[in-house]
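Just so it is clear, the model here is predicted, and its values are computed rather than measured. Below, chains carry the letters A, B, ... as their sequence lines are ordered, and counting in each starts from 1. No hydrogens, no waters, no symmetry mates; every other heavy atom, side chains included, goes into these values.
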Amino acid sequence: MTTHPQTTKAQKAETQKTVAWWQFALIGVMIMMFILFAAGLGRDSKFIPSPLIGKPAYDFNLKQLGAEKQIKLSDYKGKIVVLNFWASWCVTCREEHHVLLESSKAVQPSGKVQFIGVNSKDTDKAAFGFMDKRGHFPYPSVIDRQGRLALEYGVYGMPETFFINKNGVIAAKHIGALTHKILADKLKQAEALQ
Amino acid sequence: MRFLIAFVCISLSLSLAPASLFAAETVKDTVSKKEPEVKVESELEKKLRFVASMLRCPVCQGESVYDSHADVAVEMKRLIREKIEAGETAEEILTYFKDRYGNFVLMEPPAEGLHWVIWVFPIFMALLGGLFLFQNLRTGAKDLQQTKLDDFDGQETTDDNSSEVSDIKELRL
């Protein structure tokens, strides 16, 4: 049937070679995508790196909850500050409440660490109702009625906790309920950061 | 009879004409009455919409701050309005949020660092697909041409053992 067997064979070989090249490229891209998806699956989708880590913490001066007193962050320079955003309406805050009570009682007497609460987008009445039921914090909280301080700290949702080192630099941040282990780890990070 | 029908038609159209004119007028009236009710978007609102549409609501999935009714988004809009009133530019406001929330807060992540991949990848894939298609079509066309040539040659050659050709040859003889 064919009169130019050599030419056709050469052409076929050429075609096969080209197809092989494209197939390799496509398979390569598919493998790349698979690896990317696999890596994405293993990651915590809620984890969003904060650009504030390693930056000086915003120095607020706000009224203390339940007291006629202003609280200024820079007054606590020289101490590690655990800044915890909470609200009475926040369900996850109930989960971490006992951790905050226990660890602050254990760590604060050393004088190296100061806990400060930020009662965000809440009312004094609801906030006190929350503490009356679950236990009062052995440290002060400031009132962030409109949630402006939360915006200033790039807070996504409550609870969120910032660990500020003794020079006023944000060393670490935790989104969600704290556990004793997380708190200890983050405190170590804040201590290590100069 | 024809005259009567024509008369009825003309008189009907004439009697309806003012009605249609009136109808047009009433439509016009309602339009003109409604006009003052249409809210004219102020410059501030325009700017707010522009900035808030470029920011992602931190607690919602894929919704802009402008579209979201979440508490955080509402507060963000309030802050944006205050910043616009204070004379800040859109870029300054976007930078403010980017510095606190990271690139995540922007609806369109900038093409920097690893982010360029998501911008370049679709173009790369489209190019790859296009080239693949082009290559396949070209080789396909070549093959078709070659097959046609082969068929043509096959009919012409005498020493071909295809049954069709031999049949013709037999007929000729």
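Between the side chain of Tyr101(B) and the backbone N or O of Val155(A), at least one donor-acceptor pair lies under 3.5 Å.
At a threshold of 4.5 Å between non-hydrogen side-chain atoms, the residues Met125(B) and Val29(A) count as touching. Counting only heavy atoms from C-beta outward, the side chains of Lys55(A) and Arg100(B) never approach each other to under 4.5 Å.
Going from atom CG of Asp71(B) over to atom CD of Gln146(A) covers 11.5 Å, rounded to the nearest 0.5 Å. The CD atom of Glu75(B) lies 4.5 Å from the NZ atom of Lys121(A); values are rounded to the nearest 0.5 Å.
With a 6.0 Å radius and a threshold of 12 heavy atoms from other residues, nucleotides or ligands, Lys166(A) has its NZ atom at or below the threshold. For Lys112(A), the NZ atom is loosely surrounded, since the number of other residues' heavy atoms within 6.0 Å does not exceed 12. Counting non-hydrogen atoms of other residues, nucleotides and ligands closer than 6.0 Å to CZ of Phe121(B) gives a total above 12.
With a threshold of 4.5 angstrom between heavy atoms, Met33(A) approaches chain B through side-chain atoms but not through N, CA, C or O.
Follow the hydrophobic side-chain contacts under 4.5 Å out from Met32(A) and you reach Leu131(B) in the same cluster. A continuous path of Ile, Leu, Val, Met, Phe, Trp and Tyr side chains, each step under 4.5 Å between heavy atoms, connects Leu94(B) with Val65(B), placing both in one hydrophobic cluster. Hydrophobic clustering, with ILVMFWY side chains joined whenever heavy atoms are under 4.5 angstrom apart, groups Val81(A) together with Phe60(A).
The minimum heavy-atom distance linking Gly102(B) with Pro51(A) is given by the pair N-CG, 3.2 Å.
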